[in-house]
Protein chains: 2
Amino acid sequence: MLSTMTSTGVRSAGTEPARAGSGAGGTDSATRAPESVQRLIEAGAEAFADKGFHATTTRDIAARAGMSPAGVYVHFASKEDLLFQLSLRGHQRALEVLEAARARRAAPPEQLADIVADFAQWHAEHFRTARIVQYEFPHLSPEHRDVVLRLRKDIDAIVRGVLTAGVGSGDFEVPDVPGTTLALLSMTIDVARWYEPGIRRTPGAIGTAYAELALRLVRP
Amino acid sequence: MLSTMTSTGVRSAGTEPARAGSGAGGTDSATRAPESVQRLIEAGAEAFADKGFHATTTRDIAARAGMSPAGVYVHFASKEDLLFQLSLRGHQRALEVLEAARARRAAPPEQLADIVADFAQWHAEHFRTARIVQYEFPHLSPEHRDVVLRLRKDIDAIVRGVLTAGVGSGDFEVPDVPGTTLALLSMTIDVARWYEPGIRRTPGAIGTAYAELALRLVRP
DNA sequence: GTCTATACCTTGATAGAC
DNA sequence: GTCTATCAAGGTATAGAC
């Protein structure tokens with residue numbers, strides 16, 4: 001029952017001691033994300049995705065969240081901490097999307113089509129989060145980078161696993177599995193860079209197109 | 001004959017008129033890049049590629065170039081101006097690489113293999129410049145972005161042109177030429193993100209591998 | 001938990017001696 | 001063309017009232 005998180009469940013200062021329960025509050029105070037935290041998270045996501053971590057000021061984030069500059073530090077230990085929360089959630093979500101797509105069907109060709117389609121679509125629909133996940137990763141503190149790195153390896157492993165399975169079943173011909181894994185991820189990840197709302201292609205159509213490209217890439 | 005540029009010919013403030021000759025120097029002063037400018041360019045490339053534009057300080061750049069902070073402004077109008085010079089030269093070089101690769105052979109399959117191989121290899125060998133070209137582009141001033149954008153469109157057009165030619169000749173089957181162009185560029189550009197010296201694969205091997213992937217992607 | 005006010009530091013850029 | 005010294009502005013983060 002011990003938790004290192006504050007009552008908002010968001011603060012994460014790596015070095016701080018664990019903390020028990022919810023303090024004096026008699027009632028259930030475990031509500032996950034108070035509105036102010038939610039607003040800060042959205043403000044941070046928008047600002048970081050838009051201008052990058054270092055070009056974003058805490059004043060900017062606070063203003064977007066309709067808050068004073070000091071308000072940020074009630075909920076997050078630092079600007080980098082807010083970035084970490086965003087990056088972590090983003091990576092977790094990306095991994096979930098991939099896992100769900102792989103689990104949906106059994107044969108490698110369908111699995112590959114699904115994971116590529118859903119992953120590409122996710123990078124379009126959630127391009128702000130995806131940009132933070134991909135481009136702001138180097139700006140995390142070394143400790144936070146390590147945490148996120150595990151999730152990134154999991155993501156890679158899923159794609160590689162499907163390719164390997166397809167080679168094993170004879171459905172795919174892939175001379176270089178790690179290289180092709182990387183190329184597939186490069187393609188889909190890059191969607192977050194060039195996508196913007198209002199563009200000609202819808203996220204769904206992008207997903208479909210990339211699934212087809214992926215299958216063309218691995219066919220015998 | 002009036003000039004707003006310094007004798008190095010490097011300062012570039014967008015709104016300024018063209019410049020003729022070499023000013024007062026009686027002898028040939030058209031030497032392109034004095035050593036200090038060269039050092040600054042290398043320092044800037046290293047720093048921007050390493051930490052990003054906004055995380056890099058002018059003091060950092062100056063220190064890397066073995067210079068005082070004030071020294072930077074003798075040769076560049078601003079920090080952003082140095083970024084622009086780097087971005088511009090990088091884009092020009094990338095375009096040259098592509099054009100040279102396309103010109104080398106006549107048939108679309110060979111052309112595609114060559115442009116993808118050389119472009120991927122360039123992104124590995126010059127990954128610092130390539131990172132600036134790709135990731136720092138949004139941090140250019142609007143005016144400078146416009147200048148560079150033309151080169152980016154030229155790059156895109158070369159790849160698209162080879163695909164179109166291959167479809168015309170019957171060598172390729174490409175359901176969606178713009179989409180496939182983008183996917184090919186995504187793959188190769190992303191090399192700059194993950195490549196680092198000392199990695200298992202050499203730049204040359206990466207180029208060869210990506211050329212093969214490209215051909216697999218477009219074969220009928 | 002939010003605010004106002006502010007401490008303290010670093011930033012990009014300039015002035016002026018040499 | 002380089003330096004030392006410095007400026008004004010803006011940065012992150014904190015203090016303390018409410």
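Everything quoted here is computed from the prediction, not taken from an experiment.
A cation-pi geometry, defined here as NZ or CZ lying under 6.0 Å from the six-membered ring centre and within 45° of its normal, does not hold between Arg131(A) and Phe48(A).
Distance, Phe76(A) CZ to dA13(D) P: 13 Å, rounded to whole Å. The separation between Leu40(B) atom CG and dT2(D) atom C1' is 12 Å, rounded to whole Å. In this structure, the CG atom of Leu82(B) is 11 Å from the P atom of dA13(C), given to the nearest Å. Protein atom CZ of Arg59(B) is 13 Å distant from nucleotide atom P of dT14(C), rounded to whole Å. Distance, Lys79(B) NZ to dG12(C) C1': 8 Å, rounded to whole Å. Note: CD (Gln38(A)) to C1' (dG1(C)) measures 17 Å, nearest angstrom. Rounding to whole angstrom units, NE2 of residue His139(A) and P of dG11(D) are separated by 17 Å. The NE2 atom of His54(A) sits 16 Å away from the C1' atom of dG12(C) (whole-angstrom rounding).
Taking 4.0 angstrom as the limit, Ser36(B) places none of its side-chain polar atoms (N or O) nearer than this to OP1 or OP2 of dG1(D). Contact annotation: Thr58(B) reaches the phosphate of dG12(C) (side-chain N/O to OP1 or OP2, under 4.0 Å). OP1 or OP2 of dT2(C) sits under 4.0 Å from a side-chain N or O of His75(A). In terms of phosphate contacts, Tyr73(B) brings no side-chain nitrogen or oxygen within less than 4.0 Å of OP1 or OP2 of dT14(C).
Nucleic acid contact for Ser68(B): base, since at least one base atom lies under 4.0 Å from a heavy atom of the residue.
There is no side-chain donor-acceptor pair under 3.5 Å between Arg93(A) and His126(A). Counted by atom type alone, Glu125(B) and Gln121(B) present one or more donor-acceptor pairs between their side chains at under 3.5 Å.
Checking dT4(C), dA5(D), dT11(C) against the side-chain heavy atoms of Ala70(A) singles out dT4(C) as nearest.
Without hydrogens or angle criteria, Arg39(B) side chain to Ala65(B) main chain gives a donor-acceptor distance under 3.5 Å.
Taking the six-membered ring for Trp, Phe119(A) and His123(A) have ring centres closer than 6.0 Å.
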